[in-house]
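See below for the structure under consideration.
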2 protein chains.
Amino acid sequence: MTAFGNALRKAERRGLGQEAADRIRDAIFGGVFPPGAVLREVELAAGLEVSRGSVREALAQLEQEGLVRSAWHRGTRVIDLSVADVDEVYAVRAALERLAATSAGRRVDGEALAALEDLVSEMDSALRAGAAGSDLLALDIAFHDRIYAAAGNRRLLDAWHAVRSQVYLFQLTRVARDDADYRSILVEEHRELLALLRAGDTPRLAEAAEEHVDSARRRLVRMLAAAES
Amino acid sequence: MTAFGNALRKAERRGLGQEAADRIRDAIFGGVFPPGAVLREVELAAGLEVSRGSVREALAQLEQEGLVRSAWHRGTRVIDLSVADVDEVYAVRAALERLAATSAGRRVDGEALAALEDLVSEMDSALRAGAAGSDLLALDIAFHDRIYAAAGNRRLLDAWHAVRSQVYLFQLTRVARDDADYRSILVEEHRELLALLRAGDTPRLAEAAEEHVDSARRRLVRMLAAAES
DNA sequence: CATGTGCGGAATGTTGACATTCGGACATCA
DNA sequence: TGATGTCCGAATGTCAACATTCCGCACATG
């Protein structure tokens with residue numbers, strides 16, 4: 001990292017819509033609006049102290065992220081978490097991660113590798129310190145964010161953002177119910193990805209990235225199946 | 001297809017925003033707003049006879065499709081077509097087509113195969129009849145739409161829609177400049193995909209789908225390179 | 001009893017007015 | 001002369017009122 005590595009990064013204003021979207025997203029992740037809950041524009045506008053127009057913009061953004069779904073004159077509600085949904089999201093994610101790994105494999109530099117290394121270390125120490133599942137998840141997502149950034153493909157990043165929130169929501173419910181499983185493989189799998197990335201073994205990295213996602217899918221589906229019985 | 005194959009499809013209302021989005025998209029494809037052009041909300045609102053709010057919604061939708069890009073208080077403009085953009089879009093598309101082909105390979109039924117067969121036949125006759133490039137393109141896209149539909153993955157479909165308009169715009173400029181190249185491989189490549197799909201050879205189908213996209217990318221890049229010199 | 005019909009309330013969809021921001025033209029000063 | 005500071009017009013961002021649509025429920029009807 002240079003002296004101003006990311007100190008001079010962004011100074012852009014974003015508008016109330018985006019701000020509102022962040023608040024509502026956090027509320028969903030925080031359990032204020034559980035899966036299936038209805039999001040009423042007037043309520044949100046009153047609570048956030050912005051106009052309905054801005055709330056509308058926020059909900060449109062969240063719909064793009066797949067976190068909510070709305071229908072004509074029928075309101076907006078938080079998505080549900082069926083096994084079919086998990087399969088869909090993780091199938092797309094696997095395809096994207098494969099591409100991200102392949103592209104990143106050709107373009108990584110020392111800076112990105114160092115950042116990834118730091119993240120894995122953070123995971124390790126957070127794990128030993130008995131950190132909350134949501135903190136581990138944030139590091140997990142940050143790791144993959146970094147890889148997508150290294151891929152240097154704006155459209156790929158957009159596609160990732162269209163599933164990222166759903167992945168986060170899914171994993172959050174998983175961790176909330178049984179995180180021993182998650183903790184057991186977190187550091188190991190990411191360390192493997194990092195090693196392959198560093199070694200420049202792109203073909204095996206692509207396979208590992210895909211398998212990493214499918215592994216998460218299988219564990220999630222298993223947990224959901226256990227919950228329904 | 002059943003008797004009401006697609007006669008009972010959709011009866012949903014969509015709102016002025018979506019309607020406006022369709023008009024503006026067509027205008028972009030029609031060359032009214034060439035790449036790089038500025039889209040002013042007041043102009044569009046006046047032209048379409050809707051409020052600026054609806055235009056805003058339409059522009060947000062088009063931004064999600066990647067056709068336009070907007071910045072805070074700085075307006076909205078049609079995307080440009082650099083070689084880097086083409087590489088990005090087609091890299092993502094290749095990853096998506098690979099997944100779509102794999103999923104579709106497991107789920108296609110006779111109805112879908114028949115529909116695809118019809119589309120290839122239409123391509124063939126349109127080609128012999130000397131149809132316009134844009135018509136051939138519509139059939140091309142329809143073919144791939146059908147495959148994505150057969151994959152039965154809503155998130156995958158959304159991801160496809162996030163690049164489809166850009167693909168269409170790119171191909172449109174290509175066909176407008178030199179369509180002999182395009183015409184020469186159109187039917188052949190799609191017939192090959194259909195054959196592999198029918199044969200149930202999913203691994204080779206996935207490879208072919210990826211190669212089909214990369215072939216299109218190479219031809220496009222070559223054309224852009226020739227145009228700049 | 002099942003089906004169709006017509007309110008009524010509550011939510012979303014739409015609009016035009018008002019506030020804010022951006023970028024460039026012009027003036028100012030070393 | 002070139003860099004900096006300051007206005008101004010034009011566009012976008014935000015808002016609150018108005019219009020439209022949906023859904024549930026009661027009631028009529030066969």
Side-chain angles (χ1 to χ4, degrees), chain A residues 8-28 32-80, chain B residues 8-28 32-80:
Chain A
L8 285 182
R9 196 72 58 96
K10 60 177 176 183
E12 58 191 59
R13 300 207 198 177
R14 310 185 306 143
L16 289 184
Q18 300 254 326
E19 217 72 40
D22 288 347
R23 305 285 186 86
I24 299 172
R25 190 188 304 108
D26 286 345
I28 293 174
V32 180
F33 303 111
V38 181
L39 300 178
R40 260 175 285 271
E41 295 180 357
V42 279
E43 279 183 15
L44 294 171
L48 297 169
E49 296 187 71
V50 297
S51 78
R52 273 184 55 219
S54 299
V55 170
R56 228 146 203 293
E57 197 176 321
L59 291 178
Q61 157 109 24
L62 294 180
E63 183 168 20
Q64 175 177 358
E65 294 176 13
L67 258 191
V68 307
R69 197 156 296 182
S70 30
W72 164 270
H73 260 299
R74 220 169 300 179
T76 303
R77 49 179 55 212
V78 181
I79 58 165
D80 250 321
Chain B
L8 285 182
R9 195 82 59 95
K10 58 178 176 183
E12 57 190 59
R13 302 208 198 177
R14 309 186 305 144
L16 289 182
Q18 300 254 324
E19 217 72 39
D22 287 348
R23 305 285 187 84
I24 299 173
R25 190 189 305 107
D26 285 345
I28 293 174
V32 180
F33 302 110
V38 181
L39 300 178
R40 260 174 285 269
E41 294 181 359
V42 280
E43 278 183 16
L44 295 171
L48 298 169
E49 295 186 72
V50 296
S51 78
R52 272 185 54 221
S54 299
V55 170
R56 225 144 205 295
E57 198 176 320
L59 291 178
Q61 157 110 23
L62 294 180
E63 183 169 20
Q64 174 177 0
E65 294 176 15
L67 258 190
V68 307
R69 196 156 297 181
S70 30
W72 165 271
H73 260 298
R74 223 169 300 179
T76 303
R77 49 179 57 211
V78 181
I79 57 165
D80 249 320

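As the structure is a prediction and not an experimental result, all values here were calculated from the model. Labels below follow one simple rule: chain letters A, B, ... track the order of the sequence lines, proteins then strands, and each chain is numbered from 1. What's counted below: heavy atoms across the whole structure, side chains too, no hydrogens, waters or symmetry copies.
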Worksheet item: At under 4.0 Å, does any side-chain N or O of Thr76(A) touch on OP1 or OP2 of dT12(C)?
Response: no
Item to complete: Compare all side-chain heavy atoms of Val68(A) with those of Ile24(A) and state whether any distance is below 4.5 angstrom.
Response: no
Worksheet item: So what does Leu59(B) hit on the nucleic acid, given a heavy-atom distance under 4.0 Å: a base, only sugar-phosphate, or nothing?
Response: nothing
Discussion item. Over all strands shown, is Gly75(A) touching base, sugar-phosphate only, or nothing at heavy-atom distances under 4.0 angstrom?
Written reply: sugar-phosphate
Item to complete: Quickly work out the Glu57(B) CD to dT15(C) C1' distance and round it to whole Å.
Response: 13 Å
Worksheet item: Arg14(A) or Arg52(A): which one's nearest nucleotide on DNA chain D is closer to the 5' end?
Response: Arg14(A)
Worksheet item: Which of the following nucleotides, dT12(C), dT21(D), dG23(C), is nearest to the side chain of Glu41(A)?
Response: dT12(C)
Worksheet item: Where the side chain of Arg40(A) is concerned, which of dG23(C), dT12(D), dA11(C) is the nearest nucleotide?
Response: dA11(C)
Practice prompt. Return the value, rounded to whole Å, for the distance between atom CZ of Arg13(B) and atom P of dT12(C).
Written response: 18 Å
Worksheet item: Within the pair Arg74(A) and dT12(C), is there a side-chain N or O less than 4.0 Å away from OP1 or OP2?
Response: no
Discussion item. If you only use heavy atoms from C-beta on, which nucleotide in dT12(D), dT14(C), dT21(D) is closest to the side chain of Ser51(B)?
Written reply: dT14(C)
Worksheet item: Hey, are the side chains of His73(B) and Arg13(A) touching, using non-hydrogen atoms and a 4.5 Å cut-off?
Response: no
Practice prompt. Between Ser54(A) and Val42(B), just flag the one whose closest nucleotide in DNA chain D comes earlier from the 5' side.
Written response: Val42(B)
Worksheet item: Roughly, in whole Å, what's the span from CD in Glu63(B) to P in dT12(D)?
Response: 13 Å
Worksheet item: Given atom CD of Glu49(A) and atom P of dT14(D), what is their separation to the nearest angstrom?
Response: 15 Å
Practice prompt. Verify the neighbour count for atom CZ of Arg69(B): are there more than 12 heavy atoms of other residues, nucleotides or ligands below 6.0 Å?
Written response: yes
Practice prompt. Kindly point out which of dT15(C), dT14(C), dA11(D) is positioned nearest to the side chain of His73(B)?
Written response: dA11(D)
Worksheet item: For Leu16(A) and dT12(D), what is the distance between atoms CG and C1' respectively, to the nearest whole Å?
Response: 13 Å
Worksheet item: Looking just at side-chain N and O atoms, do Glu57(A) and Gln61(A) make a donor-acceptor pair shorter than 3.5 Å?
Response: no
Worksheet, complete the sentence: Against the side chain of Trp72(B), the closest entry in dT15(C), dC23(D), dT14(D) is dT14(D)
Discussion item. Less than 4.5 Å apart, side chain to side chain, heavy atoms only: is that true for Arg25(B) and Leu67(B)?
Written reply: yes
Fill in: For atom CG of Leu44(A) and atom P of dA16(D), their distance in whole Å
16 Å
